[in-house]
Amino acid sequence: MFKTLRRDIQAVFERDPAAKNLLEVLLCYPGLHALIMHRIAHVIYRRRLFTLARLISHFSRFITGIEIHPGARIGEGFFIDHGTGVVIGETTEIGNNVTLYQGVTLGGTGKEKGKRHPTIGDNVVVSAGAKILGSFEVGEDSKIGAGSVVLKPVPPNCTVVGVPGRIVRRDGMKVDSMDLRHDQMPDPVAEALAVLQEKIEALEKTIAENERS
């Protein structure tokens with residue numbers, strides 16, 4: 001437990017240049033507070049004291065703005081930067097040295113039982129506001145862009161952006177895609193209006209022919 005705590009504190013200094021000293025980190029980092037309370041709640045949850053574990057989780061959410069279900073499994077060196085609005089579901093599994101920013105959701109997509117939340121590999125970075133929804137794996141060393149919505153598995157060492165999330169880099173190489181070329185993206189509203197206009201013109205032509213006959 002103490003070894004894990006030391007690694008979690010070390011992760012703050014490694015990934016946040018604003019961290020000045022140990023006292024500041026211990027007193028002023030809600031992500032660390034939420035993680036410490038989660039580790040306590042998780043031990044209690046595994047002993048099947050579910051209500052007590054949920055009460056600790058609920059108290060943690062109240063004071064930190066971060067909601068971590070006590071059933072979630074989190075590795076060492078986990079870092080939540082800022083943290084407000086982070087939600088981590090019950091069957092989520094998080095590897096070592098993972099970083100989440102504010103507003104991230106690691107959630108499910110329905111009411112099914114069993115594994116329904118994502119598995120996050122080692123060294124993954126999930127940027128602000130990103131949503132990873134469903135029971136699939138995000139491979140190690142991957143990065144999820146801010147505001148992305150990821151609904152399917154991500155291979156290792158990839159960068160994902162967009163809604164829905166699409167891979168734009170893999171193993172350091174750009175993936176051929178039009179996703180980031182705004183000038184080439186289709187306009188579904190314009191396409192629907194064009195189809196509607198064609199149907200109106202065809203209908204007007206039919207009416208005019210019927211009136212002449």
Side-chain angles (χ1 to χ4, degrees), residues 61 65-69 71-72 80-95 98-213:
R61 182 182 67 172
I66 298 167
E67 181 173 350
I68 308 176
H69 193 284
I80 302 176
D81 197 5
H82 298 290
T84 301
V86 167
V87 177
I88 300 175
E90 178 186 14
T91 61
T92 302
E93 298 178 37
I94 299 175
V98 171
T99 301
L100 305 185
Y101 288 86
Q102 66 271 20
V104 167
T105 298
L106 306 180
T109 56
K111 297 182 179 179
E112 68 275 11
K113 299 292 184 179
K115 184 75 167 79
R116 59 192 185 278
H117 299 97
T119 296
I120 310 298
D122 296 344
N123 308 310
V124 169
V125 176
V126 186
S127 298
K131 315 299 178 186
I132 304 176
L133 307 175
S135 178
F136 55 82
E137 185 172 350
V138 176
E140 61 185 19
D141 298 305
S142 289
K143 298 178 177 62
I144 309 300
S148 300
V149 178
V150 183
L151 302 173
K152 58 184 180 180
V154 177
N157 200 28
C158 289
T159 299
V160 175
V161 300
V163 181
R166 290 179 172 82
I167 297 171
V168 295
R169 295 188 74 85
R170 184 169 185 175
D171 296 325
M173 302 294 292
K174 183 178 179 182
V175 175
D176 290 335
S177 174
M178 292 173 52
D179 295 337
L180 298 182
R181 289 294 305 273
H182 294 186
D183 59 318
Q184 297 181 9
M185 293 183 69
D187 185 342
V189 175
E191 292 175 357
L193 289 175
V195 171
L196 182 60
Q197 181 64 32
E198 289 177 2
K199 291 185 177 181
I200 292 173
E201 291 175 355
L203 182 60
E204 290 177 342
K205 182 178 179 181
T206 301
I207 293 173
E209 291 175 352
N210 290 337
E211 289 178 346
R212 285 196 298 268
S213 60

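Residues Pro155 and Ile167 share a closest heavy-atom pair of CD-CD1, 3.5 Å. Nearest heavy atoms, Asp122 versus Gly95: OD1-CA, 3.3 Å. Taking both residues in full, the closest heavy atoms of Ile88 and Ala72 are given as CG2-CB, 3.9 Å, listed atom of the first, atom of the second, then distance. Across Ser142 and Val154, no two heavy atoms sit closer than the pair OG-CG1, 3.8 Å. Minimum heavy-atom separation, Ile80 to Ile68: CD1-CD1, 4.3 Å. Across Val86 and Tyr101, no two heavy atoms sit closer than the pair CG2-O, 3.4 Å.
A donor atom on one side chain and an acceptor atom on the other are not found under 3.5 Å apart for Thr92 and His117. A donor-acceptor pair shorter than 3.5 Å cannot be found between the side chains of Asp141 and Asn157.
Separating the SG atom in Cys158 from the CD atom in Glu140 is a distance of 11.0 Å, to the nearest 0.5 Å. For the atom pair NZ (Lys152) and CZ (Arg166), the distance works out to 7.0 Å, reported to the nearest 0.5 Å. Taking OG1 from Thr206 and CG from Asn210, the interatomic distance works out to 6.5 Å, rounded to the nearest 0.5 Å.
Using a 4.5 Å heavy-atom cutoff, the side chains of Ile132 and Ile120 are in contact. Between Arg116 and Glu90 there is a side-chain heavy-atom pair separated by less than 4.5 Å. Residues Val161 and Ser148 meet the side-chain proximity criterion, which asks for heavy atoms closer than 4.5 Å. The shortest distance between side-chain heavy atoms of Glu137 and Pro153 does not fall below 4.5 Å. Contact of the Lys143 side chain with the Arg169 side chain is not registered, since no non-hydrogen atoms from C-beta on lie closer than 4.5 Å. Here the side chains of Ile94 and Leu106 are in contact, with some heavy-atom distance below 4.5 Å.
For the pair Ser135 (side chain) and Pro118 (backbone), a donor-acceptor distance under 3.5 Å is absent. Distance alone, capped at 3.5 Å, is enough to place a donor-acceptor pair between the Lys131 side chain and the Gly103 backbone.
Each of Val126, Thr119, Ile144 was compared with Val138 under the side chain to side chain contact (heavy atoms under 4.5 Å, CB included) criterion, and only Ile144 meets it.
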